[in-house]
2 protein chains.
Amino acid sequence: MDNYNDQVKTLLAVDCIIFGFDKKHLKILLIKRDFEPERGRWSLMGGFLQPEETLDEAATRVLNHLTGLDNVYMEQLRAYSAIDRDPVERTVSVSYYALINITEETKLNDNFSAKWFDINEAPDLIFDHTNMISHAMSRLRHRAGTKPIGFELLPEKFTMKQLQTLYEAILGEKLDKRNFINKINGLDILLKTDEKDMKSSRKGSFLYMFDEVKYNAKVSDGFTFKL
Amino acid sequence: MDNYNDQVKTLLAVDCIIFGFDKKHLKILLIKRDFEPERGRWSLMGGFLQPEETLDEAATRVLNHLTGLDNVYMEQLRAYSAIDRDPVERTVSVSYYALINITEETKLNDNFSAKWFDINEAPDLIFDHTNMISHAMSRLRHRAGTKPIGFELLPEKFTMKQLQTLYEAILGEKLDKRNFINKINGLDILLKTDEKDMKSSRKGSFLYMFDEVKYNAKVSDGFTFKL
DNA sequence: TTTTATAAATGTATTTTTTACACTTCCAAA
DNA sequence: TTTGGAAGTGTAAAAAATACATTTATAAAA
């Protein structure tokens with residue numbers, strides 16, 4: 001095969017598709033570039049791979065740099081390698097998606113003029129970033145049906161309605177309330193608290209929590225999440 | 001963000017998980033390395049990304065170099081970036097899997113001492129290649145249920161039994177003959193020829209072909225393959 | 001030519017899963 | 001005390017998945 005020394009090295013970057021949910025719509029976090037190339041346009045948050053880190057670590061670092069958050073659910077999507085995808089210099093980029101629970105404490109790094117966009121109202125993006133988002137969306141849609149990742153986008157305690165609204169936003173379709181609740185309850189991985197959210201109605205609606213311990217126990221017992 | 005010039009570049013490689021089917025078992029094609037590092041051990045076929053090609057093109061080139069084949073079904077899997085995955089020098093590798101129909105004409109490049117292994121009897125492999133294969137297997141299992149890629153592993157004309165055996169090999173479980181045939185026929189994407197394969201039985205079994213034109217027509221009509 | 005051995009071919013009843021669908025309850029605010 | 005509005009709840013029908021056994025065609029053997 002080929003000698004390592006003769007080989008051309010390539011710039012390697014990561015780009016993050018950062019999903020959030022504002023109790024109503026699925027959002028992505030974009031930055032307005034005040035740096036070259038493509039200054040002034042919107043793009044995904046990204047960064048170059050450093051010598052002493054893995055791609056996962058790079059993605060985690062980049063996400064943390066923008067949001068200040070740690071311990072965020074992230075998953076690698078795929079590598080993009082079109083020759084001219086970056087006009088400055090050849091750069092292969094590996095995309096990651098992240099799921100974050102947007103709260104009042106989520107303080108975005110001011111240096112990036114970041115903004116949350118409704119997934120269906122994202123602006124024109126640089127390079128192949130629009131493409132990356134579509135890939136991320138279809139991965140998210142699939143994962144949401146087979147792994148309990150939806151909870152990553154919700155606060156610790158949430159109502160059934162919120163959960164349903166989230167799934168509707170992810171899947172892009174309306175779901176039947178009774179069927180949805182029946183299915184969720186059938187999974188038997190939620191903990192019903194005795195607290196109620198009184199904001200949404202006079203009656204109030206019970207708050208639930210994802211019971212991760214129970215879920216893991218069930219999984220090692222052969223159970224598979226399927227919505 | 002960061003200036004391009006200050007960035008460290010990385011060696012980028014592709015590795016190919018090459019699947020084949022010998023009418024009975026699912027196989028992968030491995031090479032015995034007579035070059036460093038890890039001379040003498042088995043590994044996936046791989047190669048470095050060249051400046052003027054995309055990752056897809058690199059994978060296609062590498063596959064062609066070993067098998068002489070063109071127009072092979074390939075799909076990118078994911079990037080592997082553990083710091084020390086390659087002991088010689090930091091190398092990020094992007095894995096691809098390929099599906100090829102093994103025939104008498106498939107002439108492997110002698111320079112690589114390549115050999116087909118039963119998927120369940122693969123030897124110890126270098127680096128993270130064993131990991132790559134598991135990822136490839138689970139992707140293949142999933143894809144085989146949602147896209148008509150199984151046919152890539154079969155000759156143009158095949159019997160129902162061969163098709164079933166293939167799916168059993170991919171899924172790693174026995175399937176019920178009648179249910180399988182009913183399901184396949186229900187899809188209505190096969191063409192039944194009037195030829196029979198007389199090798200397997202005295203009665204002989206009819207040969208079928210995948211009707212790609214019909215499949216595409218059905219897909220653009222809203223149909224989705226689901227086995 | 002008849003018999004035999006072997007895989008190919010074929011359909012249905014049962015179970016499970018998914019879907020469609022509407023009324024009652026609770027409570028804050030008027 | 002009345003009212004408005006979301007929360008909460010169950011079942012019947014349809015669709016999909018599963019389990020399962022006999023007949024058929026042919027080459028080779030008798």
Side-chain angles (χ1 to χ4, degrees), chain A residues 22-25 141-142 144-146 154-155 157-209 218 222-227, chain B residues 23-24 141-142 144-146 154-155 157-209 218 222-227:
Chain A
D22 68 354
K23 309 234 158 148
K24 199 79 188 174
H25 297 105
R141 265 195 299 275
H142 183 260
T146 53
L154 291 172
K157 297 175 184 178
F158 49 85
T159 67
M160 279 290 182
K161 183 66 185 298
Q162 284 163 12
L163 187 60
Q164 180 179 345
T165 307
L166 169 63
Y167 272 90
E168 288 176 338
I170 292 173
L171 300 175
E173 59 182 321
K174 283 276 165 213
L175 300 174
D176 177 89
K177 175 169 60 162
R178 276 179 292 184
N179 291 341
F180 181 78
I181 293 176
N182 288 161
K183 225 170 198 172
I184 293 286
N185 283 332
L187 295 174
D188 188 30
I189 54 174
L190 291 194
L191 206 75
K192 184 178 190 168
T193 72
D194 50 9
E195 296 168 65
K196 279 187 165 188
D197 170 20
M198 298 309 290
K199 280 175 225 119
S200 59
S201 75
R202 292 176 177 160
K203 184 178 181 177
S205 58
F206 280 103
L207 290 167
Y208 292 79
M209 298 173 69
K218 293 190 73 164
F223 167 81
T224 48
F225 181 95
K226 175 89 203 328
L227 207 80
Chain B
K23 309 235 156 145
K24 198 81 189 171
R141 265 195 299 274
H142 183 260
T146 53
L154 292 171
K157 295 174 184 179
F158 49 85
T159 67
M160 279 290 183
K161 183 64 185 299
Q162 284 163 12
L163 186 60
Q164 181 178 345
T165 306
L166 169 63
Y167 272 90
E168 289 176 338
I170 291 173
L171 300 175
E173 59 182 322
K174 283 275 165 212
L175 302 174
D176 177 89
K177 176 167 59 163
R178 276 180 290 185
N179 292 342
F180 181 79
I181 293 176
N182 288 161
K183 224 170 198 173
I184 293 287
N185 283 332
L187 295 175
D188 188 30
I189 54 174
L190 291 195
L191 208 77
K192 185 179 190 170
T193 71
D194 51 7
E195 296 168 65
K196 279 186 165 188
D197 170 21
M198 298 308 291
K199 280 173 226 120
S200 59
S201 76
R202 291 175 179 163
K203 183 179 182 177
S205 58
F206 280 103
L207 291 166
Y208 292 79
M209 299 172 69
K218 293 190 72 164
F223 168 81
T224 48
F225 181 95
K226 175 87 204 326
L227 208 81

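Below, chains carry the letters A, B, ... as their sequence lines are ordered, and counting in each starts from 1.
Within a 6.0 Å radius of NZ in A/Lys218, other residues, nucleotides and ligands contribute more than 12 heavy atoms.
Sequence order on DNA chain C of the closest nucleotides to B/Lys177 and A/Arg178 puts B/Lys177 first from the 5' end. For A/Lys161 and B/Lys226, each mapped to the nucleotide of DNA chain D holding its nearest heavy atom, the one lying further toward the 5' end belongs to A/Lys161.
Side-chain contact check for B/Phe158 versus B/Leu190: some heavy-atom pair is nearer than 4.5 Å. The closest side-chain heavy-atom distance from A/Ile181 to A/Lys177 is below 4.5 Å.
From one end of the helix from C/dT1-D/dA30 to C/dA30-D/dT1 to the other, with five pairs defining each end axis, the axis direction shifts by 10° (rounded to 10°).
Shortest non-hydrogen contact noted between B/Lys226 and B/Leu187 is O-CD2, 3.8 Å. Between A/Arg141 and A/Ile170, the closest heavy-atom pair is CG-O, 3.1 Å. In terms of heavy atoms, B/Ser201 sits closest to B/Gly204 at OG-N, 2.8 Å. What you find for A/Phe180 and A/Met160 is that their closest heavy atoms are CE2-O, 4.1 Å. Of all heavy-atom pairs spanning B/Asp176 and B/Asn179, the tightest one is OD2-N, 2.8 Å.
Using bins of under 30°, 30° to 60° and over 60° for the plane-to-plane angle, the ring pair B/His142/A/His142 lands in the perpendicular bin.
What separates CG of B/Leu175 from C1' of D/dA19 is a distance of 14 Å, to the nearest Å. Rounded to an integer number of Å, the gap from A/Phe180 CZ to D/dG10 C1' is 18 Å. As a whole-Å value, the separation of B/Ile181 CD1 from D/dA17 C1' is 17 Å.
Without hydrogens or angle criteria, A/Gln162 side chain to A/Lys23 main chain gives no donor-acceptor distance under 3.5 Å.
Non-hydrogen atoms lying under 4.0 Å from DNA chain C are contributed by B/Ser200, B/Ser201, B/Arg202, B/Lys203, B/Gly204, B/Ser205, B/Phe206, all within residues 184-206 of chain B.
Taking every side-chain heavy atom of A/Lys183 into account, C/dT18 is the closest of C/dT18, C/dC21, D/dC20.
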Identify all pairs in which a protein N or O lies below 3.5 Å from an N or O of nucleotides 11-16 of chain D, and state each distance.
none

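Both the sub-6.0 Å distance and the 45° axial angle are satisfied by A/Lys196 relative to the ring of A/Phe206.
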